[in-house]
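Below you'll find the structure, written out as structure tokens, and then a few comments.
As the structure is a computational prediction, the values presented were derived from the model and not from experiment.
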Amino acid sequence: MTAWWRDAAIYQVYVRSFADGDGDGVGDLIGVRDRLPYLAGLGVDAVWLTPFYRSPMADFGYDVADHRDVDPLFGTLADAKALIDEAHGLGLRVIVDVVPNHTSSEHPWFQQALRGEHRERYIFRDRPNDWESIFGGPAWTQVADGQWYLHLFDSTQPDLNWDNDEVRGEFESTLRFWLDLGVDGFRVDVAHGMVKPRGLPDAGRSGQARMVGREPVPFFDLDGVHDIHRAWRRVLDSYPGERIGVAEAWAPTAERLARYVRPDELHQAFNFHYLFAPWDAAELRAVIDSSLATAASVGAPSTWVLSNHDVKRHVTRYGSLARARAAALLTLALPGSVYVYQGEELGLPEVLDLPAEACQDPQRLRDPDSGRDGCRVPLPWTRESGWRDPWLPIPAGWAELSVEAQEGAPGSTLELYRAALRLRRSFRGGLTWQESPEGTLVFSRGPYVCAVNLTPDPVDFGVDGELLLASGVPGAADSAAWWKVKCGA
């Protein structure tokens, strides 16, 4: 029997923007619980929850002050347990974030370090090197006694020292805490981080954030991170029910990325190369082929993702809802596991005109053009939004994109996703490319054929079979369709 995670559809819940259960304008665990039937009805297999741990929220929960408790903003540990149990009752698995590269500066450990106690848990130096923060500016901040601490992200997120055995032991205990509570796995934030090179050598150039994922940098993707993932895999394997680890890993090549999902490491890694591929048939096919080949080289499934909480929504990136709907059918037809970011099933675009006073992303404070607020606007559940004073304003124009407006509406993006997620369960086996006109993609998986027209002109694919689903008129510009053909046809 195929392991569930090899071809799962996993829905990303950005907790503070998904559903508000207590009416304070911020999404919470009660809100997620209330909407679990919606997710089960959508047809996904698992839910991934972004951090809901105790945090001062300088980076919206990715600055963790207590890895084993729920922030009051989101609820309680009892709410988390009830959510996990109710999800399981509906046939949904639950994946939670773990943030191992850094803590909050308000974490008790770092507060001790500021007092000069146990600084070996973090990375303190008498002199900084030339490393730069991913959020911009130097990656070092000086403390009162003159030493400097490393923070590859915000200054409120000091990097842990993973050469320290206490750090390693603390995180293995944290994994067990949540596994004992019933979670089905972890999405590992900055899985390429943690380990730093001896001596902390200079990068020797500026613009280091732009190098990540494209070329080697001295502070990411070191071989030592794989020892950590192997240790975590042993923890996961010690629990029943196929608990999994998912790497958010940036690596300069597909081959380096595949190392994170070798048989004794994590189960999946996000496919950022696919996420950032342009709306172009040749480039998409090259990324798909490369992804399948490199994943297969280590026996892992490929993953496919179009949007997440850190990037511009793909309706806007691709330039139209038509392209986004076609991209969804392309993505959901590929072999492997797929991630759906909340709201993409509604066809939500990026919100580009948020008032400056509403924006809260710390990344935007340093670079106004790189803020992530626009993809984190709360979901519209009803035509009136379903929120009371949401933490980010919901555009009035989203009324007809709301769940209420699209529920049961023939041809709506929500119903397209529901149908596609149901049908993809029948797809089995590998991908075989078929000949097709320039600017198009056609492939089969057994009797199922996916045909995508990425050109501005209509195309007659001439598929002889039963039309199952289409993002628009089959063969029209920027459209995709699924057929079932007779075996041997």
Would Arg35 pass as a cation-pi partner of Trp381, given that its NZ or CZ must be under 6.0 Å from the six-membered ring centre and within 45 degrees of the axis?
yes
Apply side-chain contact (heavy atoms from CB on, under 4.5 Å) to Arg317 and Trp279, showing your working.
CA-CA 9 Å; Arg317 290 202 327 272; Trp279 187 247; over 6 Å; no
Please assess Arg445 against Cys450 for the test side-chain contact (heavy atoms from CB on, under 4.5 Å), listing each intermediate value before the final yes or no.
CA-CA 8 Å; Arg445 294 184 62 198; Cys450 176; over 6 Å; no
Side-chain donor/acceptor of Asp79 to backbone N/O of Ala82, under 3.5 Å
no
Do Val449 and Ser444 come close enough that some side-chain heavy atom pair is under 4.5 Å?
yes
Please check: side-chain N/O of Asn101 versus main-chain N/O of Met194, any donor-acceptor pairing under 3.5 Å?
yes
Glu215, CD: over 12 other non-hydrogen atoms inside 6.0 angstrom:
yes
Do Phe171 and Ile228 have side chains that get closer than 4.5 Å, going by heavy atoms?
no
Is there side-chain contact between Ile134 and Trp250, with heavy atoms separated by less than 4.5 Å?
no
Mark yes when over 12 heavy atoms from residues, nucleotides or ligands other than Arg214 sit less than 6.0 Å from its CZ; otherwise mark no.
no
Heavy-atom check, side chain of Phe74 versus side chain of Leu49, under 4.5 Å
no
Does a side-chain N-to-carboxylate-O contact under 4.0 Å join Arg376 and Asp310?
yes
Distance col, row Asp464:CG vs Lys486:NZ, nearest 0.5 angstrom, shows 7.5 Å
Could you tell me whether the side chains of Ser206 and Glu132 share a donor-acceptor contact shorter than 3.5 Å?
no
Do Trp178 and Phe52 have ring centres separated by under 6.0 Å?
yes
Only one of Ser337, Ser291, Pro335 clears side-chain contact (heavy atoms from CB on, under 4.5 Å) with Ser302; which?
Ser291
Specify the closest pair of heavy atoms between Val485 and Val463, including all atoms of both residues, with the distance to one decimal.
CG1-CG1, 3.8 Å
Is the backbone N or O of Gly43 less than 3.5 Å from a side-chain atom of Arg425, with the two atoms forming a donor-acceptor pair by type?
yes
Taking side chain as C-beta onward, heavy atoms only, is Trp5 less than 4.5 Å from Pro301?
yes
Quick check for you: to the nearest 0.5 Å, what is the distance between Lys196 atom NZ and Asp159 atom CG?
4.0 Å
For atom CZ of Arg210, is the number of surrounding heavy atoms from other residues, nucleotides or ligands below 6.0 Å larger than 12?
no
Classify the ring geometry between His102 and Phe153 as parallel (under 30°), tilted (30 to 60°) or perpendicular (over 60°).
tilted
Which of these passes ring-ring contact (aromatic ring centres under 6.0 Å, His included) with Tyr339: Phe272, Phe270, Tyr11?
Phe270
In terms of side-chain heavy atoms, does Trp48 have a donor or acceptor partner in Asp97 at a distance below 3.5 Å?
yes
Is the backbone of Ala191 close enough, under 3.5 Å, to the side chain of His229 for a donor and an acceptor to pair up by distance?
yes
Could you state the interatomic distance from CG (Leu454) to CG (Leu330), rounded to the nearest 0.5 Å?
7.5 Å
Do Tyr274 and Leu284 come close enough that some side-chain heavy atom pair is under 4.5 Å?
yes
Please tell me if the side chains of Gln208 and Phe219 come closer than 4.5 Å, counting only heavy atoms from C-beta onward.
yes
side-chain contact (heavy atoms from CB on, under 4.5 Å) assessment of Phe186 paired with Val96
CA-CA 5 Å; Phe186 301 92; Val96 299; 3.7 Å; yes
Which pair of heavy atoms, one from Val70 and one from Ala80, lies closest together, and at what distance?
CG2-CB, 4.1 Å
Between Tyr260 and His192, does the ring centre distance come in under 6.0 Å?
no
Is Glu400 reaching over with its side chain to a backbone N or O of Gly397, donor-acceptor style, under 3.5 angstrom?
no
Where do Cys359 and Leu354 come nearest, in terms of heavy atoms and distance?
SG-CB, 3.9 Å
Under 3.5 Å, is there a donor-acceptor pair between the side chain of Arg187 and the main chain of Ile95?
no
Arg325 side chain to Gly347 main-chain N or O, any donor-acceptor pair under 3.5 Å?
no
Given side chains that start at C-beta, do those of Leu42 and Leu414 come closer than 4.5 Å, heavy atoms only?
yes
Looking at every non-hydrogen atom in both residues, tell me the closest pair between Pro380 and Ile394 and how far apart they are.
CB-CG2, 4.4 Å
Please report the C-alpha distance between Val183 and Ile84 in whole Å, then the side-chain angles of each, then the deciding distance to 0.1 Å, and finally whether the side-chain contact (heavy atoms from CB on, under 4.5 Å) criterion is met.
CA-CA 7 Å; Val183 304; Ile84 294 164; 3.6 Å; yes
Closest approach of Trp482 and Ala333, non-hydrogen atoms and distance?
NE1-CB, 3.7 Å
How far does CG of Leu292 sit from OG1 of Thr294, to the nearest 0.5 angstrom?
8.0 Å
If we ignore hydrogens and angles and just use 3.5 Å, is the side chain of Arg233 paired with the main-chain N or O of Glu265 as donor and acceptor?
yes
Rounded distance [0.5 Å steps], CZ in Arg176 versus OG in Ser238:
4.5 Å
Between Asp223 and Arg256 (salt bridge meaning N to carboxylate O under 4.0 Å), is one present in this structure?
yes
Got a donor-acceptor contact below 3.5 angstrom from the Asp45 side chain to the Ala8 backbone?
no
ring-ring contact (aromatic ring centres under 6.0 Å, His included), that's the test. Do His314 and Tyr341 meet it? Break it down for me.
CA-CA 10 Å; His314 64 276; Tyr341 178 50; 9.4 Å; no
Under 3.5 Å, is there a donor-acceptor pair linking the side chains of Ser55 and Asp63?
yes
Between Arg230 and Asp227, does at least one N-O distance fall below 4.0 Å, as a salt bridge requires?
yes
Ignoring hydrogens and angles, tell me if any N or O in the side chain of Thr316 forms a donor-acceptor pair with the backbone of Pro349 under 3.5 Å.
no
So, Gln406 and Tyr417: side-chain donor and acceptor under 3.5 Å apart, yes or no?
no
Tell me, with the steps shown, if Tyr14 and Asn308 meet side-chain hydrogen bond (donor to acceptor under 3.5 Å, both in side chains).
CA-CA 9 Å; Tyr14 189 71; Asn308 64 33; over 6 Å; no
Among side-chain atoms of Trp4 and Asp184, is any donor-acceptor pair under 3.5 angstrom?
no
